[in-house]
Amino acid sequence: MQDHKTMTTSAGAPVGDNQNSLSAGPRGPVLLEDYQLIEKLAHQNRERIPERVVHAKGWGAHGTLTITHDISRYSKAKVFAKVGQQVPMLARFSTVAGELGAADAERDVRGFSLKFYTDEGNWDMVGNNTPVFFIRDPSKFPDFIHTQKRHPRTNLRSATAAWDYWSLSPESLHQVTILMSDRGLPTDVRHINGYGSHTYSLINADNERVWCKFHFKTVQGHKHFTDAEAAEIVGRSRESTQEDLYGAIENGDFPRWNFFIQVMTEDQARQAPFNPFDLTKVWPHGDYPLIEVGQIELNRNPANYFAEVEQAAFSPANKVPGIGFSPDKVLQGRLFSYPDAHRYRLGTHYEALPVNRPTCPVAHYHKDGPMRFFDNGEDNPDAYYEPNSFGGPKEDPSVVEPPLPLEGDAWRHNHRDGNDDYAQPRALFELMNSEQQGRLFGNIARHMQGVPSHIKERQLGHFEKCHPDYAAGVREAIARIGD
Ligand code: NDP
């Protein structure tokens, strides 16, 4: 017989009978005294935590970042210090709009979040499989997300809400074009690129800053479903991405991505013909070439999905010395909203959960709070405030960053000023071949079915400004597929 542990209550007392509740007579009723039954039922009621408002459906794995090229001229971050250096990491991929039980093979942006456990603390890269986003101001995010979620009355997703919002917000055209292109419906997450999307900064040992974009290019190549293929896949399995990622790693077929940066000096940023801090814009590769940094590999499936993926908490605010922020307004908004979401979803001490806990020493003055299950400063109880004379943790002035350059007054600057919302979507449209363009037209026309014609016309006006062939192609597809 196999050796087994004795079953216990959560307080550790042995359980004698886990199958029969304590009752007054064989037919019941059940007694309130049955604390074991009450513990079991009460615990089950508390098994669910709030799902993420966005990016609820996710897939994750552990892995390694290997540095293959020296970028120490740009960044003093120790994670980049030595070619050949390896850093453990966690990746979580996701769809944006679907709830926890949503089908995987849906047309949607894929979240692409990485947590690097470095010697200087956790560095999180909380990006997407797209280099841009739908909006360039954080004040727009809740409204935009409402259009992707369920209608308050029908409780259904609403294409009308999506196209109404997009057609009223031409800055979304670049991301809408990517979403409706082949890359909007990847077969799985091994076959997507990841992008930091925002502009960040790198700071070197001389405290000099360059602006920076992060890119992670799939070594597996890109693979996509057509809408028809995806419908067939979802009919067979709602978990196609989980099956693919988990299965590949179990089989030793470890997915990899090559890691690149683009850099821009502060001078170049002032001269650039577009706002380099605008999340709806890419930096053209021709002007800002990719610089190789390393490779990430995912090589270990989580042993406990809830503990290692659902409880994983990524935040763009998690950065290390040598990596900094930029004026990008949406990044600035996310610096607040991500940690706030985790405090609500996981609790005050979410960073102390095993999957989020840094591998380097942690020493702060945050006290008490719900579930303070880890060290509360008891090794040096007199040092419970700062500054103190009792040997408590001290700040390190050497990691203070140069300030972000400020341009202009504090004001609600009109986001449309000087912005061309059509040039970069045009460049994307022009790099698609005719088959890709044909699928783009069909995907849009199908997605627009049932949307009132005045909204379709408003959006066709944006396609027209982007490229006449874009508008003509969508118009023709609508006529073919039907309203
Ligand atoms: P490049 O020709 O140097 O780069 C084009 C990029 O487009 C490639 O990185 C390619 O990725 C990617 N791409 C190809 N098809 C699609 C698609 N359906 N959806 C999204 N991306 C796709 O040109 P530029 O750098 O001047 O950029 C031109 C346009 O390319 C941009 O306006 C933007 O829409 C798009 N793009 C640009 C990126 C950038 O950072 N500069 C990044 C991604 C897209 P891959 O190499 O993996 O095939």
Side-chain angles (χ1 to χ4, degrees), residues 107-112 125 127-134 136 170-200 210-227 230 255-264 268-269 272-293 295-296 326 328 419-444 447 462-463 465-467 469-470 473-474:
R107 181 172 300 283
D108 199 352
V109 173
R110 299 299 188 267
F112 196 106
M125 218 284 315
N128 280 327
N129 69 329
T130 60
V132 295
F133 199 61
F134 299 92
R136 60 168 71 99
E171 73 201 66
S172 64
L173 184 62
H174 198 180
Q175 178 79 325
V176 167
T177 304
I178 296 175
L179 177 64
M180 293 297 154
S181 79
D182 287 344
R183 293 200 183 179
L185 185 33
T187 55
D188 54 77
V189 291
R190 291 185 302 131
H191 297 93
I192 61 175
N193 282 351
Y195 303 90
S197 305
H198 297 290
T199 297
Y200 289 87
V210 286
W211 307 116
C212 152
K213 293 270 195 195
F214 297 111
H215 299 254
F216 298 83
K217 286 198 168 219
T218 172
V219 173
Q220 293 68 239
H222 292 273
K223 273 198 196 168
H224 321 105
F225 287 135
T226 61
D227 282 352
R256 299 192 308 273
W257 287 261
N258 290 327
F259 172 21
F260 300 89
I261 54 170
Q262 286 176 293
V263 300
M264 189 188 279
Q268 284 175 312
F274 58 94
N275 173 5
F277 310 113
D278 176 346
L279 183 55
T280 68
K281 301 284 193 295
V282 297
W283 296 0
H285 291 132
D287 300 331
Y288 308 96
L290 294 175
I291 299 166
E292 204 161 355
V293 181
Q295 189 174 74
I296 60 175
S326 84
D328 179 331
N419 266 306
D420 181 343
D421 292 325
Y422 304 99
Q424 292 201 352
R426 185 177 307 125
L428 176 60
F429 181 75
E430 284 174 346
L431 67 82
M432 292 182 197
N433 63 31
S434 57
E435 283 81 32
Q436 291 169 327
Q437 289 181 352
R439 288 193 293 273
L440 171 74
F441 305 148
N443 293 337
I444 291 173
H447 200 272
H462 297 309
F463 295 147
K465 284 190 196 164
C466 179
H467 199 294
D469 294 354
Y470 195 170
V474 174

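We count ligands from 1, going down the list as the structure has it; atoms in each ligand are counted the same way.
In Thr218, neither the side chain nor the backbone holds a heavy atom less than 4.0 Å from any atom of ligand 1. Proximity of Gln436 to ligand 1, defined as any heavy-atom pair under 4.0 Å, is not found for any part of the residue. Here Lys213 has no heavy atoms under 4.0 Å from ligand 1, in either its backbone or its side chain. With a 4.0 Å heavy-atom cut-off, ligand 1 is reached by the backbone of Pro284 and by its side chain too. At a heavy-atom distance under 4.0 Å, no atom of Thr130 approaches ligand 1.
Shown in contact with His215 at under 4.0 Å from a heavy atom are these atoms of ligand 1, numbered in order with element: 40 (O). Within ligand 1, counting atoms from 1 as listed, the ones closer than 4.0 Å to a heavy atom of Ser181 are 17 (C), 18 (N), 19 (N).
Proximity annotation for atom 1 (P) of ligand 1: of Lys217, His285, Lys281, His285 comes nearest, heavy atoms only. In this structure, of Leu440, Leu431, Val132, the residue bringing a heavy atom nearest to atom 30 (O) of ligand 1 is Leu431.
Nearest to atom 20 (C) of ligand 1 among the protein's heavy atoms is Arg183 CD, 3.7 Å. The nearest protein atom to atom 41 (N) of ligand 1, hydrogens excluded, is given as Trp283 O, 3.0 Å; this is a heavy-atom distance. For atom 33 (C) of ligand 1, the closest non-hydrogen atom on the protein side is His174 NE2, 3.3 Å. Distance from atom 44 (C) of ligand 1 to its nearest protein heavy atom, with residue and atom name: Pro131 CG, 3.8 Å. In this structure, atom 27 (O) of ligand 1 lies nearest to the protein heavy atom Val282 CG2, 4.4 Å.
What you find for Gln220 and Arg190 is that their closest heavy atoms are NE2-O, 2.8 Å. When all heavy atoms are compared, the tightest approach of Ala272 to Tyr288 is CB-OH, 4.1 Å.
For the pair Ile261 and Phe259, the minimum side-chain heavy-atom distance is below 4.5 Å. A 4.5 Å side-chain heavy-atom check between Pro186 and Lys223 finds every atom pair outside the cut-off.
At under 3.5 Å, not a single nitrogen or oxygen of Asp182, backbone or side chain, sits near a nitrogen or oxygen of ligand 1. Polar contact with ligand 1: absent for Tyr195 (N/O pair, distance under 3.5 Å).
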**Asked** Could you walk me through whether Ile296 and Arg256 pass the side-chain contact (heavy atoms from CB on, under 4.5 Å) check?
**Response** CA-CA 5 Å; Ile296 60 175; Arg256 299 192 308 273; over 6 Å; no

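Taking the charged nitrogens against the carboxylate oxygens, Arg136 and Asp421 do have a contact shorter than 4.0 Å, which makes a salt bridge.
Of the candidates Trp283, Phe260, Tyr195, Tyr195 is the only one forming a ring pair (Phe, Tyr, Trp, His ring centres under 6.0 Å) with His215.
Pairs passing the salt bridge (Lys or Arg N to Asp or Glu O under 4.0 Å) check and including a residue from residues 431-444, sequence neighbours excluded, read Asp182-Arg439.
When the salt bridge (charged side-chain N to carboxylate O under 4.0 Å, His left out) test is applied to Arg183, no partner is found at least two apart in sequence or on another chain.
Taking the six-membered ring for Trp and thresholds of 30 and 60 degrees, Tyr200 and His198 have ring planes more than 60 degrees apart, a perpendicular arrangement.
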